[in-house]
Every structure is written in C-alpha cells, then in structure tokens.
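Working notes, beginning with the structure itself.
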Amino acid sequence: MSEEVNKQAVFKKRMSYLGNGDQYFYKEPLHIIKGDDVWLFDEAGKKYLDVYNNVAHVGHCNSEVVDAIAQQAALLNTNTRYLHHNIVDLAEKIIESMPEGLNVCYFCCSGSEANDLALQIARNYTGQTGCLVTENAYHGNTTAVFQMSPEDCSETQRESWIATIPGPEAYPEHEEQYIQNTTAQVKILKSHGHSLAAFIADNIFSSEGIYLPKKEYLATLYALVKELGGLTIADEVQSGFGRTGDFMWGFEHSEVVPDIVTLGKPMGNGHPISAVITTREIADSFNHDYGYFNTFGGNPVACAAGLAVMQCIQDKGLVEHAKIVGNYFQKELSRAIGSSEVIKDIRGSGLFIGVEMKDKATTTLTVERLMNNGILVGQTGPQNNVIKLRPPMTFQIEHVDLVVQQLEKIHLSL
Ligand code: PMP
C-alpha cells in the first residue's frame with residue numbers, strides 16, 4: 001500500500017469511526033507520523049517546523065521524558081491509593097515553584113478535569129455557585145467547564161450561573177467601566193440565585209486573541225472578586241511552565257496570588273497529566289466534604305513524565321530561553337511585517353505570540369500557505385484573525401528566522 005493510499009485510508013476510517021473525526025487542521029489534513037524536537041514529519045517524509053505545539057513543551061519525543069516514562073512503565077503503574085515517591089516528589093517541585101501559601105496539589109489527567117475540580121473546590125469553600133469568565137474564554141469540555149468556555153458555549157446554551165466580562169485588551173483605559181461592569185455581572189448572577197464562587201482566567205488570554213494583560217487588570221479583578229466573596233482561579237494550562245518567559249507561571253507577571261491554580265497540557269510533554277494547586281485551608285474544607293479520587297491522575301508513569309519535564313525546564317533554563325527567543329521573535333516580526341497593511345498588531349510574551357491580521361480570511365490563507373511551506377502555526381481570537389505562534393520551548397533563533405522569512409514572503413503575495 002502506497003503512503004498516499006494509506007493516508008486516504010486513515011482519513012476514511014477517521015471520518016466513519018470517530019465522533020469528532022472532522023475536527024482536523026487545514027483544508028487537506030496532515031498525516032503526521034513522527035516528531036523530533038521542533039520538527040514533525042508526514043508519511044512522505046516532508047518536514048514541518050512546529051510553531052504551534054505547546055504540549056511538546058520540551059520538544060517532541062524528548063529523550064529524557066521518553067526514558068522516564070518507559071522506565072517507570074516497565075517497573076510499575078498503578079493508582080494513587082498506595083504510597084509512591086513520584087507523586088509526592090512532583091507535588092513538592094510544583095509547590096516550590098508557587099507563591100507561598102499555595103501548598104497543596106491534586107492530580108488529574110486533563111486541563112478540563114483540573115478546571116472542573118477547581119470549580120468544585122471553589123463552590124465548596126464559598127458555598128456559592130456563580131462563575132465569572134472572560135467573553136471568549138476556553139477552559140475545557142466537561143459539562144460544567146463547557147459552560148465556562150464561551151468560545152464554544154453559545155449564549156443560548158449558557159446556564160444562569162455563568163457571567164462574562166471583557167478580556168484585558170482595552171484595559172486600563174476603561175478601568176472604571178471594568179469594575180462597574182464586573183460588579184453588575186455579579187449582581188445578575190446573584191439575582192439568578194448564583195452568588196459568586198469563582199473568577200477564572202487563562203493568564204495569556206489565548207482564545208481572547210493572546211494578551212499578556214497589564215498588571216493592574218488581574219490585580220483589580222482579583223481584589224474585586226475577593227470583595228464580592230469569590231475565589232480566583234488561574235488557569236495556567238496555556239501560560240504555565242515558563243511559556244510566557246520571565247516567570248514559571250503566567251499570573252506572576254501581574255504580581256497577584258490566586259486562590260487556586262490549574263495546570264495541564266505541557267505538564268507531561270504529551271503524556272496526560274494535570275493538576276490543581278490551592279491552599280491548605282481551602283483543600284481541607286473540600287476534603288472534609290468530598291473524598292476526591294482519580295484512577296489515573298498522578299499515577300507513577302504520569303508523574304515520571306511530569307518530573308522529567310520540570311527537570312528539563314530547569315536544566316535547560318527554558319524560562320529565560322523563552323524570554324530571549326520570544327523577544328527576538330517579536331522584534332523580527334515587527335521588522336519584517338510590522339508595517340504591512342494586513343497586520344494590525346504583534347503581541348504576547350515569551351514563546352506565546354499573536355500576530356493579529358486584518359480579517360479571518362487573510363489569516364486562514366496565511367496559515368494554509370505557511371503549512372504548504374513547511375511551517376505549522378495556529379489561528380485564534382474572537383474573530384479568528386490572530387496567528388498563534390506557540391512552539392515547543394526548545395525553539396531556537398534559527399527557527400524564528402525560518403518562520404519570519406516565510407511570513408515575509410507570503411505576506412508580499414497577499
Ligand atoms: N484551559 C485552557 C486555557 C485551555 O487552552 C485548554 C485546552 N485548550 C484547557 C483548559 C482544557 O485542557 P484539555 O484539553 O487538556 O482538557
């Protein structure tokens with residue numbers, strides 16, 4: 001069977017057997033069969049530079065992570081009802097990286113599960129049920145977390161315990177308006193019988209169009225939420241593990257301390273593992289009422305992957321690296337295409353960069369052409385007009401140059 005026939009066969013089976021088989025990237029989906037650091041390879045051996053994949057945080061098929069998983073899988077994998085050093089060692093490492101007071105971990109398997117648990121914890125502690133999210137947020141796909149994800153959950157599907165507020169793009173010009181609006185939204189929640197339990201935000205505001213907020217945005221909202229009786233949840237599924245440069249966690253840019261932090265995606269470099277971190281007081285209140293157990297969450301293999309990822313970030317200085325390469329990336333993008341009429345803004349932080357284009361059609365065309373030229377990027381934002389550049393953290397200056405050259409070439413033909 002030729003490789004091309006094989007690809008067609010995979011596509012056909014996918015469409016007939018998978019519930020969500022049509023959820024693929026590009027008009028003509030890619031058939032990727034191998035990964036190596038920042039590179040992906042299709043069935044014909046064509047090489048693509050991965051400028052999209054934040055899950056392969058320390059590089060596709062990173063040998064330290066692969067070895068850690070393989071060795072632990074060959075020795076033991078079981079649930080967390082037994083003592084095991086991997087889970088406590090990983091919890092300790094995560095807690096050491098957090099601000100003081102955030103000193104208790106729960107482990108789960110996906111970002112959605114972590115956010116679902118965070119909501120349960122916040123509801124338990126506050127005794128309330130309402131939740132505040134940003135207007136185009138995405139936090140996951142469980143029944144509850146779908147509600148917290150207006151990017152997918154339309155207004156007609158939305159339940160009365162959810163209220164939305166704008167993302168950080170217009171802050172601080174309209175600070176008073178933000179405060180009044182947030183207070184009004186919380187009043188509406190209350191009138192529906194849902195006083196505020198939590199405010200949750202992705203701290204690089206990826207689905208809002210990629211914004212590192214001005215410090216005061218989160219600080220003001222956190223103070224207000226506290227005053228209104230809710231807890232603050234930092235969703236670090238996108239912005240965590242040094243992605244935004246300078247700091248390990250996205251919320252640190254804003255000098256705030258959340259009540260609850262959720263982690264996921266890059267945590268196991270592709271192995272499913274996620275976590276919720278909170279204070280001992282909040283955890284004790286939850287543990288008193290619920291006996292949380294998760295069959296796969298925090299198993300020895302998943303935690304071996306998590307430990308190897310943390311070690312790589314530390315050994316390779318990837319937080320600093322994200323800042324240096326990310327700054328160079330933004331500078332080069334501005335130089336090459338910054339004055340173009342089709343580009344409206346270049347923004348972000350570290351290795352999480354958004355290039356806002358004039359409209360969705362131009363963005364889609366650019367994303368497709370980049371793929372044809374061997375470069376994989378994403379597309380995001382409420383208008384889907386932002387190119388998402390979020391490569392593995394091992395991305396180098398030479399890779400930035402490849403992307404910028406291609407973008408420059410493509411944009412000349414738009
Ligand atoms: N939070 C954010 C900010 C996300 O971007 C995502 C996934 N894109 C999730 C949560 C959900 O994570 P998962 O797909 O692992 O459930």
Side-chain angles (χ1 to χ4, degrees), residues 19-20 23-25 50 52-57 106-122 131-153 162 164-165 167-168 198-213 218 232-244 249-251 253-254 258 260-277 294 296-298 302 305-306 309 348-354 376-382 384 386 388-392:
N20 58 347
Q23 297 292 306
Y24 51 78
F25 287 149
D50 188 353
Y52 175 75
N53 205 319
N54 63 332
V55 172
H57 198 64
Y106 297 87
F107 288 95
C108 333
C109 308
S110 70
S112 303
E113 228 186 328
N115 284 333
D116 196 288
L117 176 60
L119 177 69
Q120 283 186 60
I121 292 173
C131 185
L132 206 53
V133 299
T134 55
E135 277 164 359
N136 202 51
Y138 182 80
H139 294 291
N141 58 18
T142 70
T143 305
V145 179
F146 171 72
Q147 288 293 325
M148 293 150 73
S149 304
E151 186 188 35
D152 283 356
C153 179
I162 288 286
T164 65
I165 54 168
F199 162 62
I200 182 167
D202 153 19
N203 296 314
I204 187 69
F205 296 86
S206 173
S207 54
E208 301 291 343
I210 307 177
Y211 295 91
L212 183 73
L218 272 189
T232 50
I233 305 174
D235 179 339
E236 292 284 335
V237 168
Q238 293 277 352
S239 53
F241 294 94
R243 166 65 51 189
T244 57
W249 310 113
F251 63 80
H253 289 275
S254 298
I260 304 174
V261 181
T262 58
L263 315 179
K265 275 184 185 261
M267 192 170 171
N269 213 47
H271 197 88
I273 178 167
S274 66
V276 176
I277 300 94
N294 187 319
F296 301 118
V309 169
S349 182
L351 281 171
F352 208 139
I353 297 169
L376 307 180
V377 301
Q379 196 170 343
T380 192
N384 251 310
V386 180
K388 178 157 66 175
L389 304 168
R390 190 195 51 179

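Positions are given from 1, in the same order as the sequence printed here. Below, all heavy atoms of this structure are taken into account, side chains as well, without hydrogens, waters or symmetry copies. Just so you know, ligand 1 is whichever comes first in the structure, and atom 1 is the first atom listed for that ligand.
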Inset, instruction - Determine whether Ser239 and Phe352 make a side-chain contact, defined as any pair of heavy atoms from C-beta on separated by less than 4.5 Å. - result: no

Inset, instruction - Answer yes or no: is there a side-chain heavy-atom contact under 4.5 Å between Asn294 and Phe107? - result: no

Of all the non-hydrogen atoms in the protein, which one sits nearest to [atom], and at what distance?
{"atom": "atom 7 (C) of ligand 1", "value": "Lys265 CE, 3.2 Å"}
{"atom": "atom 13 (P) of ligand 1", "value": "Gly111 N, 3.5 Å"}
{"atom": "atom 5 (O) of ligand 1", "value": "Gln238 NE2, 2.6 Å"}
{"atom": "atom 14 (O) of ligand 1", "value": "Ser112 OG, 4.3 Å"}

Legend entry - Donor-acceptor under 3.5 Å (Asn20 side chain, Gln23 main chain): no

Inset, instruction - Would you check if the side chain of Glu236 reaches a backbone N or O of Phe251 as a donor-acceptor pair within less than 3.5 Å? - result: yes

Give the numbers and elements of all ligand 1 atoms closer than 4.0 Å to a heavy atom of [X].
{"X": "Val237", "value": "1 (N), 2 (C), 4 (C), 6 (C), 9 (C), 10 (C)"}
{"X": "His139", "value": "1 (N), 9 (C), 10 (C), 11 (C)"}
{"X": "Asn115", "value": "1 (N), 10 (C)"}
{"X": "Ser110", "value": "15 (O), 16 (O)"}

Inset, instruction - Output, in order, the C-alpha distance, side-chain angles, deciding distance and verdict of side chain to side chain contact (heavy atoms under 4.5 Å, CB included) for Arg243 and Gln238. - result: CA-CA 8 Å; Arg243 166 65 51 189; Gln238 293 277 352; over 6 Å; no

Inset, instruction - Would you check the N or O atoms of Asp235, main chain and side chain alike, for any that come under 3.5 Å of an N or O of ligand 1? - result: yes

Inset, instruction - With Asn115 as reference, evaluate Asp235, Thr142, Asn141, Asp202 under the side-chain hydrogen bond (donor to acceptor under 3.5 Å, both in side chains) test and give the passing residue. - result: Asp235

Legend entry - Closest approach of Val261 to Pro258 (non-hydrogen atoms, all atoms of both residues): CG2-CG, 3.8 Å

